[in-house]
Amino acid sequence: MLRKDPQGDLDGRYVLFTERFGKVVVKAKSSRKITSKLASHLEPGTIGKVRFIENHSTQIIDALKARKSPVALADLHFLSQLLQELQPEPELWDMLIASGAGADKDDFSWVKVLTILGWDPQEAECSSCGKDTAYFYVPRQEFFCAACVKKLPLN
């Protein structure tokens, strides 16, 4: 689970990252009710099994939490902004599942993520001036140097 947002009074909108479909945005009815059986299984950072159906919209029908991901919630939020819907990323999936499991528990790194997604930080130049980069600006999905990143709006 990458992210959750409220939708209406009791429903929730969830951004999942799945092995088969990649990023999927789904709705869960009444997931914000105090008596909801889904609520505890649908927290950001949760790794688990989710069944969903597509009718008029994609909707979660049940979920079972297996474990918590050690990846920071802020990193998962940024990842949800970077990924395109319904584009499987098997290498990224393997890295996220492996992080926290056994010897490779600190396996998550933004250099690896950006390289997997096609933005190689080793070859990047500043989008404004062409100098070496130090920052990846998620809203514009571009690299910037230290001087140029200070000129960008905070989003």
Mind checking the OG-CG spacing from S128 to L152? Nearest 0.5 Å is all I need. 6.5 Å

What are the two closest non-hydrogen atoms of T133 and C126, and how far apart are they? CG2-N, 3.1 Å

Verify the neighbour count for atom CD of E91: are there more than 12 heavy atoms of other residues, nucleotides or ligands below 6.0 Å? no

Partners meeting side chain to side chain donor-acceptor pair (under 3.5 Å) with E142 (sequence neighbours left out): R140

Sort out for me which residue in D62, L16, L64 forms a side chain to side chain contact (heavy atoms under 4.5 Å, CB included) with V50. L16

Rounded to the nearest 0.5 angstrom, the NZ-SG distance for K151 and C145 is 7.5 Å

Considering only heavy atoms from C-beta outward, does the side chain of F17 approach that of E89 to under 4.5 Å? yes

Please check if the number of heavy atoms outside D132 that lie under 6.0 Å from its CG is greater than 12. no

Taking a hydrophobic cluster as the set of Ile, Leu, Val, Met, Phe, Trp and Tyr residues connected by side-chain heavy atoms closer than 4.5 Å, whether directly or through intermediates, do V138 and V113 fall within one such cluster? yes

Is there a side-chain contact (heavy atoms from CB on, under 4.5 Å) between E125 and K131? Walk through the geometry before answering. CA-CA 6 Å; E125 294 179 345; K131 293 182 183 176; over 6 Å; no

Counting only pairs under 3.5 Å, give me each side-chain donor-acceptor contact of residues 38-47, with atom names and distances, residues two or more places apart or in other chains.
from, atom 1, to, atom 2, distance (Å)
H41, ND1, K65, N, 3.0
E43, OE1, K4, NZ, 3.3
E43, OE2, K4, NZ, 2.9
T46, OG1, E43, O, 2.7

Could you give me the CA-CA distance, side-chain angles and deciding distance for W119 and F143, then say whether side-chain contact (heavy atoms from CB on, under 4.5 Å) is met? CA-CA 9 Å; W119 294 289; F143 287 96; 3.8 Å; yes

When the side chains of residues 69-86 are checked against the rest of the protein, which donor-acceptor pairs come out under 3.5 Å, sequence neighbours left out?
from, atom 1, to, atom 2, distance (Å)
S69, OG, V71, N, 3.2
D75, OD1, W110, NE1, 2.8
S80, OG, H77, O, 2.6

Could you give the side-chain donor-acceptor pairs of residues 52-61 under 3.5 Å, partners two or more places apart or in another chain?
none

Are M1 and V25 linked, directly or through other ILVMFWY residues, by side chains that come within less than 4.5 angstrom of each other? no

Treating Ile, Leu, Val, Met, Phe, Trp and Tyr as nodes and any side-chain heavy-atom pair under 4.5 angstrom as an edge, say whether M95 and I97 lie in one connected cluster. yes

Determine yes or no for a side-chain-to-main-chain donor-acceptor pair under 3.5 angstrom, with S30 supplying the side chain and K33 the backbone. no

Find the distance between CG (L117) and CD (Q87) and round it off to the nearest 0.5 Å. 11.0 Å

Go through the steps for K27 and Q7 under the test side-chain contact (heavy atoms from CB on, under 4.5 Å), then give the verdict. CA-CA 8 Å; K27 178 182 176 180; Q7 188 174 29; 3.5 Å; yes

Any residue meeting ring pair (Phe, Tyr, Trp, His ring centres under 6.0 Å) with F144, in chain and number order, not counting sequence neighbours: none

Identify, with sequence neighbours excluded, every residue that meets side chain to side chain contact (heavy atoms under 4.5 Å, CB included) alongside P6. R32

Heavy-atom side-chain proximity of L10 to K29 below 4.5 angstrom: no

Inspect the contact between R13 and D11 and indicate whether a charged nitrogen and a carboxylate oxygen are less than 4.0 angstrom apart. no

Answer yes if the side chains of Y14 and S31 hold a donor-acceptor pair under 3.5 Å, and no otherwise. yes

